[in-house]
Engineer: 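First the structure, which I've put down as structure tokens, then a few questions once you've had a look.
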Amino acid sequence: MIPISRPVTGSEEIAAMSKVFDSAWLGLGAVTYEFENTVAEYLGARNVIAVNTGTSALHLALSAIGIGPGDEVIVPSLTFAATIQPIISLGATPVFVESRDEDLFIDPDHVRRAITPRTKAVMPVLYCGNPGGIDDVYALAAEHGIRVVEDAAHAFGSQHADGTMVGGKGDLVCFSFDPIKNITTGEGGAVALEDDGLAEELRRQRMLGIDKDTWNRYKNTRSYLYQVISPGYRYHMPNYAAAVGLEQMKRLPGFIARRREIARRYDAAFADLPGIVTMDIDYDRVAPHIYIIRVAADERDGFMMFLKDRDVGTGLHYIANHVQPMFAPYVTEALPRVDRLWQEIVTIPLHCAMSDDDVETVISAIREYAAERVAS
Ligand SMILES: Cc1ncc(COP(=O)(O)O)c(C=O)c1O
């Protein structure tokens, strides 16, 4: 079975991690800071705060800008539950909105209609790595004085239309480095942002609201005194994960090139296939994390089974959140487009361990499906 995703790591990652274990400083430390600096330089970002998951990055970002009870946060229903849970954890209210057919990006027109005096932030998700209509979201945010927390979990290595890296500009940009993302640190994430004061707040909240982290307390200043001065979590990225991340950064240009090559090959192969709809994404600037196609909702199960029988894995990214039991109390309006979209989407294999033969196997299976569909 060709899986939809899998990480690519090697002896380099193991050697780097082994060095950290030999050093006996496994937690937050010099390797974490080196990883942050490397990522910041790559993105052209002023501040990068590395954390233990992408979900923590989102939670920390929302917490640092003061999201809390009584606040509304506008969010697409079509995303992973990780975008929604941090809003609720902080006592705020998620306001679910529609996504666009062509690229699954949050619908800026619906965002505009959803803004109320209680709206504090909007969370666009850069689906498959695509910044989509993000400029429209920032224009609305500026007009209404609301914050933007980008869920860029899929978008590490993508560029905006003006050539800036995702994370190199914007308000708070959150990445994931979980096992199947564009790079992995095992599990991990990061927040990129411009504002130095807010970055300090994020660093503090990352480490329990303590004014100095352990590395700086013991290794640099030899001062054992500390103060707890803000809310906080224990969300830091440890040295051993950062060591993996530094090796993955070396591989990233090759990863992005290969992902783009596969995505373009799929786009070309499926362009005129009846019953298969591809997404409108520019792979000259997007570093694709997943590749999603759409089929008619009543055909999807059959399509996925057809591919499974040919050893091609498929997935679903994602079930809309407004239909999830946990989030039902927050649903205030019908979302007919997302109701349809989440039943049409299918994720097909895209990762750097795929051979050219694997790519051809996926394409042949989908072509065969389309041909049989037309014939029947
Ligand atoms: C859109 C989206 N947001 C957030 C996350 C959370 O990232 P992590 O798995 O690192 O917590 C993911 C991970 O799958 C994701 O796909």
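As the structure lists them, so they are numbered: ligands from 1, and atoms in each ligand from 1.
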Engineer: Would you mind checking which non-hydrogen protein atom is closest to atom 11 (O) of ligand 1, with the distance to 0.1 Å?
Structural biologist: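 Looking at atom 11 (O) of ligand 1, the protein heavy atom closest to it is T55 OG1, 2.6 Å.
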
Engineer: Could you identify the single nearest non-hydrogen protein atom to atom 9 (O) of ligand 1 and state the distance to 0.1 Å?
Structural biologist: D178 OD2, 2.9 Å

Engineer: Looking at atom 16 (O) of ligand 1, what's its closest protein heavy atom, distance included?
Structural biologist: Y318 OH, 2.6 Å

Engineer: Give a yes or no on this: more than 12 heavy atoms of other residues, nucleotides or ligands lie within 6.0 Å of atom CG of D196.
Structural biologist: yes

Engineer: Quick one, V122 with I106, criterion side-chain contact (heavy atoms from CB on, under 4.5 Å). Give me CA distance, side-chain angles, the key distance, then yes/no.
Structural biologist: CA-CA 10 Å; V122 55; I106 194 170; 4.3 Å; yes

Engineer: Who's the nearest protein heavy-atom neighbour of atom 5 (C) of ligand 1, and how far?
Structural biologist: A82 CB, 3.7 Å

Engineer: Quick check: does any side chain N or O of R300 sit under 3.5 Å from a backbone N or O of Q343, one acting as donor and the other as acceptor?
Structural biologist: yes

Engineer: I'd like to check whether E187 has a polar contact with ligand 1, where a contact means an N/O of the residue lying under 3.5 Å from an N/O of the ligand.
Structural biologist: no

Engineer: Measure centre to centre between the rings of Y283 and Y266, then say whether the value is under 6.0 Å.
Structural biologist: no

Engineer: With heavy atoms of A153 as the reference, note each atom of ligand 1 found under 4.0 Å away.
Structural biologist: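 Counting from 1, the qualifying ligand atoms are 2 (C), 3 (N), 4 (C), 5 (C), 12 (C), 15 (C).
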
Engineer: Does the N or O separation between T79 and ligand 1 drop below 3.5 Å for any pair?
Structural biologist: no

Engineer: Can you check whether L350 reaches P288 side chain to side chain, under 4.5 Å on heavy atoms?
Structural biologist: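 Yes, their side chains come closer than 4.5 Å.
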
Engineer: Any chance the rings of Y127 and F80 have centres within less than 6.0 Å?
Structural biologist: no

Engineer: Below 4.0 Å from ligand 1: does a non-hydrogen atom of G188 turn up there or not?
Structural biologist: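 So G188 counts as touching ligand 1.
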
Engineer: Would you say G54 and ligand 1 have an N/O pair spaced under 3.5 Å apart?
Structural biologist: yes

Engineer: Would you tell me which option among A152, G189, S176 has the nearest heavy-atom contact to atom 7 (O) of ligand 1?
Structural biologist: S176

Engineer: What part of D151, side chain from CB on, backbone N/CA/C/O, both or neither, has a heavy atom under 4.0 Å from ligand 1?
Structural biologist: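 Just the side chain.
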
Engineer: Aromatic rings Y240 and F21: how do their planes relate, parallel, tilted or perpendicular, breaks at 30° and 60°?
Structural biologist: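 Rings of Y240 and F21: tilted, 30 to 60°.
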
Engineer: Where does K181 meet ligand 1, judged by heavy-atom distances below 4.0 Å: at the side chain, the backbone, both, or neither?
Structural biologist: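 The answer is the side chain.
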
Engineer: So F96 and H322, would you call those rings parallel, tilted or perpendicular, with 30° and 60° as cut-offs?
Structural biologist: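 Rings of F96 and H322: tilted, as their planes differ by 30° to 60°.
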
